[in-house]
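These notes are about the structure you will find just below.
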Amino acid sequence: MSEESSYIFGHFGDDFKWGAATASYQIEGAWNIDGKGQSIWDTFAHTKGKISDGSNGDVAADSYNKYEEDIQLLKDIGVSHYRFSFSWPRILPNGTEEGGLNKKGIEFYRKFLKSVVDNGLVPVATLYHWDLPQVLQDKGGWISQDIVNHFVNYARICFREFGDIVKFWITFNEPTVFTFLGYGVGTHAPGIKDPLNSPFKGGHNVIKAHALTYKLYNDEFRKDNQGIVGITLNSDWYEPKDSNSDKDKRAADLGMQCKLGWFANPIFGDGDYPQAMKVRARSVSAMLGFPGSFLPQFTPKEIELNKGSADFFGLNYYTSRYVSTCQDFSEPVTEAKVIGIEQHSDPSWKQGESEWLKSVPWGLRKLVKWIHSNYNAPDIYITENGFSDKPGIIEDTDRCDYLKEHLQELLKAKTEDGVNLKGYFVWSLIDNFEWNVGYLERFGIYHVDFEDPARKRTAKKSATVFSEIVKNNGFTRN
Ligand code: GBH
């Protein structure tokens, strides 16, 4: 089952963008400072038993106060782009403009953005990296129809307040994750367990909100601001367990369609859910006595709006799986069971500190090729890619290998397969609050000491290794 890989030299091209990524709740802290409203992650992390180490993001890496240091770290590694996210409740504590705009929140982000550009860096803003205002969750969150307009209005405020500086926008980070883990499995905020219904209802609203936000930018902002707007989707690569088995091949394809295609096909494909996913949803619904289908339907007008509603494809990639079919619906019902795949991994794959994370560099090359050929060769930015280890590791050899090997595969995808790869953002700039596992798993190329009130940052070995690749814009003989 193993795949061969060779080492190549070469560079990514003159216009390739290098960056590092973070997200508001994972780094900012200042959860109740300067008028910020509560988010679903504040609520969730403050609920006993939800976070493995009992921690929360109240202070996190304290980037609310230390963003200038973070910006210096970006300069130190020589990247040109900083992917960060806006905290919706810091801008709109009550979720909507009628509920009051938080001037101090806007001021904070303007100060931050000014510092980013004054330091010669390009800001890449994610509008939604999971920290929904709690007040909107109290009204149903992503399951409620109303969320669509609330999101578009929030986006309008961000375009209006920051659009002169921010030219690179990502509407959503990983909708499959926040809908499925938040509303299906319940291991992420808001912690709802309803695997057969809510994630797809929520996802439907996410796609509508995304498409309307894209239209909004086109109608009201693009002419003056000249930016680009896209979305970040994540997927594992699914490889047939037995490459000679048609059944396994069908399972792997179904996996790709239901995982990546769920959001990618409406936005980058024909505007609708993938045919295979619609069929699967109907048969699972029938089997489990769910009337009709748990997968909602778009109207023809919505399909038109979805189609082509992104200037680029943001991709987060971490790992891959071998897959075969699965007909098991026993509790707990997982995303894989709903899709109908059984996942397998190879014991030779290097294991991260996160149970789910196994290093499979060739999977990334196959994945971007798949996107290239299925969705008409979009511009692709890798908006996240990274590896976890235990707290306190500075000589992070495994992460160094992971980054080098994944960038090798991307270089092949770009130079040998002709994939339109435009940039790469490492996850993450600094150690941070890793959602339901708190501070137990670390993704930073800079270490953060969470025991230290000063939240001291220290470069790991991977910061140096990554910075060398950035400097060479790839891999050179020397
Ligand atoms: C990204 O998600 C996020 O965008 C980022 O915020 C995060 O810090 C980073 O990755 C590292 O995790 O608990 O076994 O059910 C990556 C995709 C999907 C990976 C959910 C972890 C949970 C697996 N994630 N998955 S499990």
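Please read all numbers here as calculations on a predicted model, not as lab measurements. We number each residue from 1, following the sequence as shown. Counting starts at 1 for both ligands and their atoms, following the listed order. What's counted below: heavy atoms across the whole structure, side chains too, no hydrogens, waters or symmetry copies.
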Check your understanding: Mind checking whether Asn234 has an N or O less than 3.5 Å away from an N or O of ligand 1?
Key ->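 Checking ligand 1 against Asn234, no N or O pair falls under 3.5 Å apart.
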
Review point. Does Glu355 reach ligand 1 with a nitrogen or oxygen that is under 3.5 Å from one of the ligand's nitrogen or oxygen atoms?
Key: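 Min N/O separation from ligand 1 is not below 3.5 Å for Glu355.
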
Exercise for review: Salt-bridge test for Arg457 and Asp70: reply yes if a basic N is under 4.0 Å from a carboxylate O, no otherwise.
Suggested key: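 Looking at Arg457 and Asp70, the cut-off is met.
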
Review point. If you measure from each non-hydrogen atom of Leu181 to ligand 1, which part falls under 4.0 Å: side chain, backbone, both or neither?
Key: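 Leu181 to ligand 1: side-chain contact only, backbone stays beyond 4.0 Å.
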
Exercise for review: Record the part of Glu434 in heavy-atom contact with ligand 1 below 4.0 Å; permitted values are side chain, backbone, both and neither.
Suggested key: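 The answer is the side chain.
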
Point to revise | Contacting atoms of ligand 1, where contact means under 4.0 angstrom from a heavy atom of Asn173 | key: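 Counting atoms of ligand 1 from 1, those under 4.0 Å from Asn173 are 4 (O).
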
**Study point:** Subset of ligand 1 atoms that lie under 4.0 Å from at least one heavy atom of Glu174
**Key:**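 Counting atoms of ligand 1 from 1, those under 4.0 Å from Glu174 are 1 (C), 2 (O), 3 (C), 4 (O), 16 (C), 17 (C).
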
Check your understanding: Within a distance of under 4.0 Å, is there any protein heavy atom near atom 12 (O) of ligand 1?
Key ->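 Yes, because at least one protein heavy atom sits under 4.0 Å from atom 12 (O) of ligand 1.
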
Check your understanding: Should we count NZ of Lys201 as having more than 12 external heavy atoms under 6.0 Å?
Key ->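 Counting neighbours around NZ of Lys201, 12 or fewer heavy atoms of other residues, nucleotides or ligands fall under 6.0 Å, so no.
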
**Study point:** Stacked cation flag Arg455 on Phe450, 6.0 angstrom / 45 deg
**Key:**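 Judged by the rule (NZ or CZ under 6.0 Å from the ring centre, within 45° of its axis), Arg455 is not positioned above Phe450.
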
Point to revise | Test item: side-chain donor near acceptor, Asn385 and Tyr402, under 3.5 Å | key: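 Note: Asn385 and Tyr402 side chains meet the donor-acceptor criterion.
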
Exercise for review: Run through Tyr154, Trp169, Phe86, Trp142 and flag the one making a ring-ring contact (aromatic ring centres under 6.0 Å, His included) with Tyr128.
Suggested key: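 It is Trp142; the other options fail the test.
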
Check your understanding: Can we call the ring centroids of Phe387 and Phe443 under 6.0 Å apart?
Key ->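 No, the ring of Phe387 stays outside the 6.0 Å limit from the ring of Phe443, centre to centre.
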
Considering only the protein, which heavy-atom contact is closest to [atom], and what is its distance?
atom	result
atom 9 (C) of ligand 1	Tyr318 OH, 3.3 Å
atom 18 (C) of ligand 1	Val177 CG2, 3.5 Å
atom 3 (C) of ligand 1	Glu384 OE1, 3.3 Å

Check your understanding: Can you tell me if Asp431 uses its side chain to pair, donor with acceptor, with the backbone of Val448 under 3.5 Å?
Key ->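 Such a contact is found between Asp431 side chain and Val448 backbone.
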
**Study point:** Main-chain N/O of Lys358 paired with Thr319 side-chain donor or acceptor, under 3.5 Å
**Key:**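 Answer holds: yes.
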
**Study point:** Option nearest atom 26 (S) of ligand 1 (shortest heavy-atom distance, choices Trp356, Phe180, Tyr25)
**Key:**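 The option holding the nearest heavy atom is Trp356.
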
Check your understanding: Do any heavy atoms of Gln26 fall under 4.0 Å from ligand 1?
Key ->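 It does, in that a heavy atom of Gln26 comes within the 4.0 Å cut-off of ligand 1.
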
Check your understanding: Are any of the heavy atoms in Glu441 under 4.0 Å away from ligand 1?
Key ->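 No, Glu441 has no heavy atom closer than 4.0 Å to ligand 1.
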
Practice item. State which residue, out of Thr22, Thr232, Val122, fulfils the side-chain contact (heavy atoms from CB on, under 4.5 Å) condition with Arg83. Key: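 Exactly one option meets the side-chain contact (heavy atoms from CB on, under 4.5 Å) with Arg83, and it is Thr232.
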
